[in-house]
Amino acid sequence: MSVPVFQEILLKLAARCNLNCTYCYWFRDQSVYSKPPILTSEAEKAFLSRLEVHIQSYHLASMTLILHGGEPLLFGKARFVGLMDALDAIEARTGCTIMRTVTTNAVLIDTEWIQIFRLFNVHVTVSVDGPAAVHDRARIDLQGRGTYERVRSGIQCLRAQQIEPSVLAVCDPASNPATTVQHFVEILGLSAFDILVPDAIHDDHPPSIAPYYLTLFDLWYDTYLKQGISIRYFETLVASLIASLTSATTINYNPVQTLTVLTDGAIEPVDVLRIAGNSSTHTALNVHTNALQELADDPLWRMAYRATCELPTVCQQCRYSSVCAGGYLPHRWSSERQYDNPSVYCSDLLQIYDHIWERIIPEIQLESGQSSYSLLDLLKIVQEGTYNALGSK
Ligand code: SF4
């Protein structure tokens, strides 16, 4: 099995959070409490050394570093600036561009943080779930209080200083999607965002998401798309459906390629896989003793990688297999069959794909100027790739 060279690294600046969001996958694994609260100085130094060797060994021209938590801003400004300076020095020595993005709940953002982000060209991704009535159901602080107003203040502070954050929401299937989209567009003034499927595994038996996404798609397709509003989930799906029609390469069939470094220097597969339970992403690797690329030989990582290169058994006859490829990897997990399952949301996904397909196919057939947006318009969405500008949760 040929494996990729890691070019996307998720660095945990903090293993703790200042919020207590009800759906957070990170704290489902109690082993995170045994990790240092923030990235230790020793682990940071060892990581930077490993990173430089990795870039040189594989002659990387560019790579992505996702600064993550917990809440990454708990790392503190002085340590953050020191890390950025060290990354700049690696760039100067190697010629490799290290793209940096931070995923934050925005509660701690202030003018000084924004100056730091600007100075070091750090892209900012903010998690906000909708208006206060939606957001505050799940995104609460350690005292159980809603955080919407503090998050909104952080977003306004960013935008006032010309930093346009990517915005990620998690779908609350019990809420009205119209309220959330209207809030994002009209109150927060956003033109691009994503509304993510809640993370869940088969053992969780999550509620249905299809009614929410069917309503959301119609809203977007009939109203907001024409206003230039980008919702990554739908752009990705439309692109995949068009690609399957045109036999182009599909975009959902991508192997998992993110490497995670924890606050003690532990090297693990992409962190969302820890949704499978305690120590489910644990390896014996650490930046103090191992090269970054050694993760590719780890049995746990290889199991996840292989799973994203092969269809689950049930999916092999599915009419949407080239679009969906079994769904998002963590959603395939069950304690009984591991990754050899269709997505826990499979029946919802089938409804969503059918609905989108039925909606877009008349537009594709009317491509020669009879409709407001044709197949060419839709392909333009794919080519412009606005969904790629958004970060990870
Ligand atoms: S998860 Fe469901 S919709 Fe997706 S490929 Fe498998 S069977 Fe098809």
Side-chain angles (χ1 to χ4, degrees), residues 1 23 25 170-173 177 194-218 220-221 231-258 269-270 272-277 280 302-361 364 378 381-382 387 390 392-393:
M1 181 173 69
Y23 51 63
Y25 66 84
V170 174
C171 147
D172 175 355
D194 202 5
I195 302 184
L196 306 171
V197 174
D199 286 324
I201 57 175
H202 280 267
D203 311 58
D204 293 332
H205 308 291
S208 172
I209 55 166
Y212 182 97
Y213 279 102
L214 265 51
T215 303
L216 181 62
F217 181 81
D218 286 344
W220 177 68
Y221 198 62
I231 301 180
R232 179 174 62 175
Y233 183 63
F234 292 137
E235 291 185 353
T236 305
L237 280 183
V238 169
S240 284
L241 286 163
I242 293 172
S244 72
L245 178 78
T246 58
S247 301
T249 306
T250 60
I251 60 175
N252 271 349
Y253 207 68
N254 287 332
V256 56
Q257 295 189 17
T258 306
V270 62
V272 70
L273 300 181
R274 79 174 52 245
I275 195 173
S280 54
R302 290 179 86 85
M303 178 172 69
Y305 181 73
R306 188 177 296 111
T308 52
C309 297
E310 297 170 354
L311 279 176
T313 309
V314 170
C315 301
Q316 288 169 9
Q317 302 304 320
C318 175
R319 62 191 177 280
Y320 293 115
S321 63
S322 64
V323 173
C324 174
Y328 187 40
L329 185 62
H331 302 172
R332 286 166 54 177
W333 181 268
S334 74
S335 43
E336 191 181 340
R337 295 175 59 86
Q338 302 180 326
Y339 293 118
D340 189 19
N341 299 292
S343 167
V344 66
Y345 292 109
C346 176
S347 63
D348 293 285
L349 296 178
L350 287 168
Q351 290 178 63
I352 293 167
Y353 302 153
D354 278 344
H355 182 77
I356 293 178
W357 188 239
E358 284 165 15
R359 290 298 319 273
I360 67 171
I361 198 72
I364 292 171
L378 295 167
I381 292 172
V382 181
Y387 46 86
L390 293 158
S392 68
K393 183 175 62 165

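All ligand and atom numbering here is 1-based and tracks the order in the structure.
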Handout entry: Qualifying salt bridge (charged side-chain N to carboxylate O under 4.0 Å, His left out) pairs, either residue in residues 322-338, two or more places apart
Key = R337-D340
Fill in the blank from the handout: Atoms listed for atom 8 (Fe) of ligand 1 (protein only, N, O or S, under 2.8 Å, no waters) are C318 SG
Completion exercise
Distance col, row I195:CD1 vs F234:CZ, nearest 0.5 angstrom, shows 7.5 Å
Exercise for the section: Return yes if some donor-acceptor pair links the side-chain N/O of D204 with the main-chain N/O of I201 below 3.5 Å, else return no. Expected result: yes
Completion exercise
Rounding to 0.5 Å, atoms CD1 (I231) and CG (L237) come to a distance of 11.5 Å
Completion exercise
Heavy-atom closest pair (N341 atom, W333 atom, distance to 0.1 Å) is ND2-C, 4.0 Å
Practice task
Please check if any side-chain donor atom of D172 sits under 3.5 Å from a side-chain acceptor atom of Y212, or the reverse.
Solution key: no
